[in-house]
Amino acid sequence: MNITNNLTNYFDNSGNNPSRVFILDVLLLLAISAAVIFPALGQNRNWSSREIRHAEIIREMAESGDYLVPKLLGETYYDKPPIMHAAAAVLTRVAGGPSMSIVRMPSAIAGILGILAAYGLGLLLFDRRIALLGAVVLIGMAGYTLMARQARPDMVLCLSILLSSLCLGLGMRNQRYSTRALYFVLAGMCAGIGIITKGPYGILFPVFFLLFAPFRRNDLSRPRWGWISIVIGIVAVLSLWAIPAYLRDGGEYL
């Protein structure tokens, strides 16, 4: 299975090597999005709502080494599961100490990967020109890049939705049963990350994609038994976090 080949089949017949053009496009988008997002990660002039709260949770998590249950000022923080916090806490421990650049890094990486996922969706549903245009426009959207520079879980949710939709599209296009099932499992896993991050939105928008994308592309076929693979992916991700969290405190946090 080769995701690159599945996507590059949508390039025009310009005589160029599709894989080479695909790689050059990805490198270009990485460079542009990194140049837009990374320089402002350490700024301390404009703070978003609840950003300091999340930064403190990350600091306490890094100090305690408990990546399952977030705490704020020593008290369990029930409002948000710790997907974004845990990633930033690991980076904080690796860096040797907290900083706003570090706690914002998961959002920044998610934002950049989201740009690439949007490009992949453009290739899947349209063509290279529209895929590039859509990805560049997304980079230019102030709301998107602003969220990618904030220590909040929203960008992780956005990435999970985009990746889940991309895997669903690749699965719906593929006719080989094993490959199709694998893509659907991956789609379910990405949706599961979105659910853990911020509730039912993680699955709601991928379901919309699953229902409506075939109206745009006739070669995308909705799953029949593939729903089982999607559910397996969701349950697997939820279990990886929920079971250890339950065993830790008997289900109090859950």
Side-chain angles (χ1 to χ4, degrees), residues 25-63 67 70-73 77 79-122 131-166 190-199 201-202 204-206:
D25 286 350
V26 168
L27 292 177
L28 175 64
L29 292 173
L30 282 173
I32 296 174
S33 55
V36 171
I37 293 172
F38 281 145
L41 285 188
Q43 65 86 19
N44 58 7
R45 298 180 301 277
N46 300 309
W47 308 94
S48 71
S49 173
R50 298 181 296 278
E51 190 175 19
I52 296 301
R53 181 187 306 175
H54 292 301
E56 174 59 19
I57 292 170
I58 291 166
R59 186 191 68 79
E60 294 183 32
M61 183 176 286
E63 288 188 356
Y67 303 109
K71 293 184 180 294
L72 178 62
L73 302 178
Y77 184 73
D79 288 8
K80 292 288 187 298
I83 292 291
M84 183 271 294
H85 305 94
V90 170
L91 292 175
T92 298
R93 288 178 73 96
V94 171
S99 73
M100 289 308 299
S101 295
I102 293 297
V103 301
R104 289 166 174 157
M105 188 61 67
S107 293
I109 294 173
I112 292 173
L113 293 178
I115 296 295
L116 300 183
Y119 169 73
L121 283 168
L132 274 175
L133 179 62
V136 172
V137 167
L138 187 57
I139 295 173
M141 292 180 64
Y144 183 90
T145 52
L146 180 65
M147 195 65 69
R149 296 193 293 264
Q150 296 177 352
R152 296 177 60 185
D154 303 77
M155 190 51 64
V156 176
L157 171 67
C158 184
L159 174 62
S160 73
I161 291 171
L162 287 168
L163 286 179
S164 181
S165 298
L166 178 58
C190 293
I193 292 173
I195 292 171
I196 295 176
T197 301
K198 212 164 183 179
Y201 295 111
L204 180 63
F205 288 101

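Numbering starts at 1 and runs along the sequence shown.
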Say you draw a straight line from OG of S107 to CG of D154; how long is it, rounded to the nearest 0.5 Å? 8.0 Å
Please check this pair: side chain of S164 against backbone of I161, looking for a donor-acceptor N/O pair closer than 3.5 Å. no
Could you label the plane-to-plane angle of the H54 and Y77 rings as parallel, tilted or perpendicular, counting under 30° as parallel and over 60° as perpendicular? perpendicular
For side chain to side chain contact (heavy atoms under 4.5 Å, CB included), just list the numbers for S165 and L121, CA-CA rounded to whole Å, side-chain angles, deciding distance to a tenth of an Å, and then say yes or no. CA-CA 8 Å; S165 298; L121 283 168; 4.2 Å; yes
For S160 and A191, indicate whether the former's side chain and the latter's backbone hold a donor-acceptor pair under 3.5 Å. no
Report yes if the side chains of M84 and T197 come closer than 4.5 Å at any heavy-atom pair, otherwise no. no
Separation of L28 CG from L132 CG (nearest 0.5 Å): 7.0 Å
Locate the shortest heavy-atom distance separating A55 from M100; write the atom from each residue and the value. CB-SD, 4.1 Å
Nearest heavy-atom pair of R104 and A40: which atoms, and what distance? NH1-O, 4.2 Å
Chi angles and distances behind the side chain to side chain contact (heavy atoms under 4.5 Å, CB included) call for I112, F38: CA-CA 10 Å; I112 292 173; F38 281 145; 3.6 Å; yes
Run the numbers on K71 and I57 for side chain to side chain contact (heavy atoms under 4.5 Å, CB included), then give the verdict. CA-CA 6 Å; K71 293 184 180 294; I57 292 170; over 6 Å; no
Steps toward side chain to side chain contact (heavy atoms under 4.5 Å, CB included) verdict (L91, V103): CA-CA 8 Å; L91 292 175; V103 301; over 6 Å; no
With a 4.5 Å heavy-atom cut-off, do P153 and L157 have their side chains touching? no
Within a strict 4.5 Å, meaning less than it, do heavy atoms of the Y144 and M155 side chains meet? yes
Minimum heavy-atom separation for I58 and T92, please, with both atom names. CG2-OG1, 3.8 Å
Please report the shortest heavy-atom distance between L166 and G120, naming the atom on each side. CD1-C, 3.7 Å
Can you measure from CD (E51) to CZ (R152) and round to the nearest 0.5 angstrom? 8.5 Å
Testing the basics here: between M61 and P82, what is the closest heavy-atom pair and its distance to 0.1 Å? CE-CB, 3.7 Å
Is there a side-chain contact between L113 and L162 (heavy atoms, below 4.5 Å)? no
Main chain of I37, side chain of R149: is a donor-acceptor contact present, judged purely on distance under 3.5 Å? no
Could you tell me whether E56 and R59 have a side-chain N and a carboxylate O separated by less than 4.0 Å? yes
Can you tell me how far apart CG (L163) and SG (C190) are? Round to the nearest 0.5 Å. 4.5 Å
Kindly give the heavy-atom pair with the smallest separation between I139 and T145, and that separation in Å. O-CG2, 2.9 Å
